[in-house]
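Read through the structure below, which is laid out as structure tokens, and then see the notes.
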Amino acid sequence: MFTSPLGQRRFRRAAASAAALLIGASMLAACGGGAGAGDDGETVALSGVNGDPTNGPSGAPFGAIQIAEGWDEADGYKLKWDVAQSATAGMQLMAAGSVDIAQGATPNGYAAAHLDDSIRVIGFLNGPNYLLTVPEDSDIAKPEDLAGKTIGVMTLGSSSHLMAQGAVKAAGLDPDDVTYLPVAIGAPMAEALNSGKIDVLVGWEGMWQSISAIADTPLKRLDTRLTELYGQMLLTTTTDAIENKRDALVAYLRNFYRGCALAADDPERAVEDHWDVFGNVAPPAAERDDRVVEYAEWNEDFYKTCIEPSPSTGTIGSLSQEELEETYQFFLDNGIVEDPIDLDTVVDLSLVEEAMDGFDVADYDS
């Protein structure tokens, strides 16, 4: 059901406190702490986390591809990559100095930057990331049809919940017109759809398509205000990492978007790379060939999102000032972020612009 703004604030404060407590308990199994840069000519240790705790192949470009392909060491840094319990927990780990890079939803990054003035946004995924989806036979054809419906979200207070609320408000509906139901992630989402507990599902490419494959009725995208906004997911670092590891961060960004290009062109290779690096989430060997094909199909559109350039700048990973402000204003207007930040300070796109200088998507494998 609808949660009041006060309730959302309390929930998010409680979630932030819980994430902070997780830091000590969830020390990263595969990535360790962010070591300092070495002398000129030495390999730099670089570490990071994905904010998706399921660690599915949608996250392959963030770390697994460049590790499996050896791009990191070829470019003078050694990448250690893992997952955090949530995007909030990942930002907490980064702020504590345990990792150099954290990935997550843009609202998480902006909220973290408000609390810690050392956090910087260094790159975006430009395509529409958070989407509302409905069964193909649904009578919901436009956002206004959401009135009286139940929207499934991962958890109350999560980015998916807040984004969905923004889409509902932008459609001119009253918040009380819609019910929000937490349905976790994975199979519980499909069960909630199959049983009729929810009418709509919120998720990013890859996630919702994998749910679509196991739901009784396949899902399709519902176009809302969210599909018009760029930069809903991002990569963050700290001022300390920029000062001490700038060259490695620039190389990481280049290889991240290079990995997106590889994945978009050859999604099966991206899935294989992910499971080679993270064997703990790979399927049994007897099922692997079939599962590779499935996961490649589910995630291909998300991989393409990673390399979609800004319509205004024409640059992958970057946004124009107008695009930045439009998305940020949507967040503010709809309570997705509560506290104002100075975009000119928090967002530093000089690294991704340097990384993308001369970058040709077709040459990802060179």
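Quick caveat, the model's predicted, so the values are computed rather than measured.
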ask   = Between Q232 and L226, is there a donor-acceptor pair closer than 3.5 Å when you use the side chain of the first and the backbone of the second?
value = yes
Going by an N to O cut-off under 4.0 Å, is there a salt bridge joining D100 and K78?
no
Counting neighbours of CG on D117 that are heavy atoms of other residues, nucleotides or ligands and sit closer than 6.0 Å, is the number greater than 12? no
Review point. How about F359 and Y257: are their ring centres within less than 6.0 Å of each other?
Key: no
Query - Pair E300 + K304: basic N to acidic O under 4.0 Å - result: yes
- [ ] Check for a donor-acceptor pair, side chain of K169 on one end and backbone N or O of D333 on the other, with a separation under 3.5 Å.
- [x] yes
CD1 of I67 to CG of D273, rounded to nearest 0.5 Å, is 10.0 Å
Which of L193, V134, T150 passes side chain to side chain contact (heavy atoms under 4.5 Å, CB included) with D199? It is T150
(message) Using a strict threshold of under 4.0 Å (side-chain N to carboxylate O), is an ion pair present between E228 and R225?
(response) yes
Taken to the nearest 0.5 Å, the spacing of I65 CD1 from D276 CG works out to 11.5 Å
Practice problem: Kindly say whether the aromatic ring centers of W71 and Y364 come within a distance under 6.0 Å. | Solution: no
Parallel, tilted or perpendicular: ring planes of F62 versus F302, cut at 30 and 60 degrees
tilted
Does E323 reach the main-chain N or O of S320 with its side chain, forming a donor-acceptor pair under 3.5 Å? yes
Does a side chain donor of either S158 or S160 reach within less than 3.5 Å of an acceptor in the other side chain?
-> yes
R120-S350 side chain donor-acceptor pair, cut-off 3.5 Å:
no
